[in-house]
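This report refers to the structure that appears directly beneath it.
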Protein chains: 2
Amino acid sequence: MYLCGIIKEMFSQSEENYLKAIYHLEIVSSKGVTTNAIAKKLETKASSVTDMVQKLSEKELIIYKKYQGVTLTVFGKKTAANIVRKHRLWEVFLVEKLNFSWDEVHDVAEQLEHIKSQKLIQELDSFLGFPTHDPHGDPIPDDKGNLKTIEKSLLSTLAKNESGICVGVIDSSSEFLQFLDKKGITLGKQITVLEKEDFDDSVSILINDKKLSISQKIATNLFVKKR
Amino acid sequence: MYLCGIIKEMFSQSEENYLKAIYHLEIVSSKGVTTNAIAKKLETKASSVTDMVQKLSEKELIIYKKYQGVTLTVFGKKTAANIVRKHRLWEVFLVEKLNFSWDEVHDVAEQLEHIKSQKLIQELDSFLGFPTHDPHGDPIPDDKGNLKTIEKSLLSTLAKNESGICVGVIDSSSEFLQFLDKKGITLGKQITVLEKEDFDDSVSILINDKKLSISQKIATNLFVKKR
DNA sequence: AATAATTTTTAGTCTTGACTAAATATTGTT
DNA sequence: AACAATATTTAGTCAAGACTAAAAATTATT
């Protein structure tokens with residue numbers, strides 16, 4: 001008893017989760033992704049990672065040399081990008097159509113991203129109007145796995161009197177997102193830096209026509225598009 | 001590494017598939033559902049069924065006495081109805097929002113029905129306008145697991161000159177559904193019996209202002225609501 | 001009622017994906 | 001260069017869920 005009919009390439013949920021983790025880690029690390037890094041990201045043990053990494057390597061999704069970490073192959077990267085694409089499209093769906101807030105979508109999208117159906121994802125994309133970014137401002141890969149990133153800067157890098165549009169976050173934990181909500185900070189909002197405090201790196205900003213003081217921690221987790 | 005956070009009761013996909021199978025079989029059989037019947041429905045082996053049935057029994061989802069078949073407990077029935085509810089709501093979504101035809105929805109809904117999220121299913125229900133029937137005319141259980149069936153009759157039971165509205169099918173294989181599509185037979189269409197042939201039990205019907213001859217096999221797989 | 005046919009269960013095996021503990025590589029430090 | 005610390009892999013287990021083959025129970029047939 002198992003799903004999987006005609007479909008060209010099928011990977012297990014577990015394999016997909018590993019691919020996605022490696023994909024995300026590669027973006028940051030730029031060189032080989034270590035076993036330990038994967039283990040930490042997936043909250044599993046290094047030995048389990050070694051097992052899986054050998055399997056993914058046999059399936060030509062990654063390049064793996066013992067003790068050397070892994071790199072996605074072109075095929076692996078495309079596969080991973082497709083999972084990320086699904087994840088982010090579902091997030092858009094949940095927020096735009098089903099009244100989820102941006103801090104509630106992650107767990108559900110984590111499940112939905114594993115649904116296998118070409119048509120489903122194509123139609124969903126079209127139904128949502130071909131969105132380019134998810135509710136956290138992260139770019140949605142196109143159906144070839146390419147993503148166009150916009151030039152975004154951390155709020156902390158803005159100079160006094162500069163302003164920008166809020167376009168994303170680094171930390172997308174629900175705690176942080178709920179905190180932003182409480183402060184009235186959401187995607188698309190204009191933010192102007194009124195003052196930068198040297199002694200604690202906090203910034204004073206203008207948003208929603210109100211003055212707000214923002215800690216360094218917040219300012220280094222919020223992306224804006226300069227203008 | 002596994003999902004499953006706060007949620008009250010969590011069952012594996014496999015457990016859910018068994019529950020659903022037993023639920024469907026109970027509707028037909030009315031008495032205890034046999035191991036073999038479950039095996040056939042799930043295209044698995046009887047020995048595998050025995051294993052799972054013992055597990056479900058321990059979890060109080062079913063009553064199981066060796067060699068006696070199984071019955072859903074109240075809890076089990078509610079759980080199963082909820083899976084069916086999710087399956088059918090997703091089918092409605094696929095057809096109404098994502099341009100799937102009624103013969104394409106099953107495999108995808110089979111996957112989507114296992115997504116765990118209270119809010120998701122509530123919001124989906126609301127987004128779809130609280131539908132009562134899926135694209136095949138099957139009733140959608142409410143959030144307490146109750147379903148109100150409408151009185152429907154097989155087309156084959158209609159007398160000459162009687163008419164009814166097409167409200168459902170027994171066989172929901174894509175072959176049958178595509179055949180119906182080709183003949184212009186869809187849910188909601190009015191059908192009038194013009195003639196009944198005794199020697200092969202075929203019926204001559206009026207639909208879409210056209211006369212059509214329908215074999216016995218079709219007539220015994222199509223539900224209408226008499227009027 | 002006895003035997004044959006069928007159904008169901010048990011016992012043992014396999015695969016996937018996790019784990020622990022031990023062994024081996026690599027890296028960092030003096 | 002040698003040793004310590006850390007990272008990685010190997011070897012051996014485990015649970016879930018499937019399987020086959022054999023045993024046991026039930027049902028059907030005479």
Side-chain angles (χ1 to χ4, degrees), chain A residues 1-5 9-22 25-26 28-29 31-59 61-71 76 79 83 110-111 113-114 116, chain B residues 1-5 9-22 25-26 28-29 31-59 61-71 83 110-111 113-114 116:
Chain A
M1 206 314 287
Y2 225 41
L3 306 152
C4 186
E9 292 283 0
M10 283 278 284
F11 303 106
S12 71
Q13 296 209 177
S14 202
E15 289 170 329
E16 292 193 347
N17 285 333
Y18 274 91
L19 282 178
K20 195 169 51 123
I22 297 167
L25 289 169
E26 264 193 1
V28 188
S29 72
K31 52 191 70 129
V33 175
T34 67
T35 302
N36 248 7
I38 300 171
K40 190 174 293 179
K41 181 128 202 163
L42 292 177
E43 295 178 76
T44 185
K45 295 298 158 75
S47 54
S48 310
V49 174
T50 301
D51 287 347
M52 181 57 93
V53 138
Q54 287 168 344
K55 188 159 62 137
L56 295 179
S57 176
E58 273 164 31
K59 297 193 179 183
L61 290 158
I62 60 177
I63 308 284
Y64 166 63
K65 291 255 172 52
K66 272 191 193 183
Y67 298 100
Q68 299 302 126
V70 303
T71 332
T79 306
I83 301 162
E110 203 78 355
Q111 299 175 64
E113 73 191 1
H114 300 295
K116 267 89 178 168
Chain B
M1 206 313 283
Y2 225 41
L3 307 151
C4 183
E9 291 282 357
M10 284 278 284
F11 302 106
S12 72
Q13 296 209 178
S14 202
E15 290 170 326
E16 291 193 347
N17 285 333
Y18 274 90
L19 281 179
K20 193 168 54 124
I22 297 168
L25 289 168
E26 265 194 359
V28 187
S29 71
K31 51 193 70 129
V33 175
T34 67
T35 302
N36 248 6
I38 299 170
K40 189 172 292 176
K41 181 126 203 165
L42 292 178
E43 294 178 76
T44 184
K45 294 298 157 71
S47 54
S48 310
V49 174
T50 301
D51 287 347
M52 182 56 93
V53 138
Q54 287 167 344
K55 190 161 59 139
L56 295 179
S57 174
E58 272 164 32
K59 297 191 178 184
L61 291 158
I62 59 178
I63 307 286
Y64 167 62
K65 290 258 172 51
K66 271 192 191 180
Y67 297 100
Q68 301 301 126
V70 304
T71 331
I83 301 162
E110 204 79 353
Q111 298 175 64
E113 73 190 4
H114 300 294
K116 266 88 178 169

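We name chains A, B, ... by the order of the sequence lines, and we start the count at 1 in each one.
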message: Checking B/Lys116 against B/Glu16 for the salt bridge (Lys or Arg N to Asp or Glu O under 4.0 Å) test, could you report, in this order, the C-alpha distance in whole Å, the side-chain angles of both residues, the deciding distance, and whether it holds?
response: CA-CA 12 Å; B/Lys116 266 88 178 169; B/Glu16 291 193 347; 3.2 Å; yes
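- For D/dT10, the OP1/OP2 oxygens have a side-chain nitrogen or oxygen of A/Gln54 closer than 4.0 Å.
- If you measure from atom NZ of A/Lys41 to atom P of D/dA7, you get 18 Å, rounded to the nearest angstrom.
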message: side chain to side chain contact (heavy atoms under 4.5 Å, CB included), that's the test. Do A/Leu61 and A/Phe11 meet it? Break it down for me.
response: CA-CA 11 Å; A/Leu61 290 158; A/Phe11 303 106; 3.6 Å; yes
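- Listed candidates were D/dT8, C/dT26, D/dA18. Nearest to the side chain of B/Thr44 is D/dA18.
- Per the geometry, CG belonging to A/Leu56 stands 13 Å off P belonging to C/dT16, to the nearest Å.
- A/Thr34 has no side-chain polar atom (N or O) that falls below the 4.0 Å cut-off from OP1 or OP2 of D/dA7.
- Proximity of a side-chain donor or acceptor of A/Ser48 to a complementary backbone N or O of A/Thr44 within less than 3.5 Å is not detected.
- Nearest heavy atom pair, residue A/Ile22 against residue A/Val33, reads O-CG2, 4.1 Å.
- Heavy-atom nearest nucleotides on DNA chain C were determined for B/Ala37 and for A/Lys66, and the one closer to the 5' end corresponds to B/Ala37.
- When the P atom of D/dT10 is taken as reference, atom CE of A/Met52 falls 16 Å away, rounded to whole Å.
- In this structure, A/Tyr18 reaches the C/dA18 phosphate: one of its side-chain N or O atoms is under 4.0 Å from OP1 or OP2.
- Following rounding to the nearest Å, A/Asp51 (CG) and C/dC19 (C1') show an atom-to-atom distance of 10 Å.
- When heavy atoms are screened at a 4.0 angstrom cut-off, B/Thr50 is found touching base atoms of the nucleic acid.
- Using a 4.0 Å cut-off, no side-chain N or O of B/Ser47 falls inside it from OP1 or OP2 of D/dT20.
- One interatomic measurement links the two molecules: CG of B/Asn36 to P of C/dA5, which rounds to 18 Å at whole-angstrom precision.
- Atom NZ of A/Lys65 is separated from atom P of D/dT8 by 16 Å (rounded to the nearest Å).
- A salt bridge links A/Glu113 to A/Lys20: at least one charged side-chain nitrogen sits closer than 4.0 Å to a carboxylate oxygen.
- B/Glu15 places its CD atom 14 Å from the C1' atom of D/dA18, with the value rounded to the nearest Å.
- One can place NZ of A/Lys59 at 10 Å from C1' of C/dT16, the figure rounded to the nearest angstrom.
- One finds no side-chain N or O of A/Tyr67 lying less than 4.0 angstrom from the OP1 or OP2 phosphate oxygen of D/dT6.
- Regarding contacts with the backbone of C/dA18, every side-chain N or O of A/Lys45 stays at 4.0 angstrom or more from both OP1 and OP2.
- Distances shorter than 4.0 Å separate some side-chain N or O of B/Ser48 from OP1 or OP2 on D/dC19.
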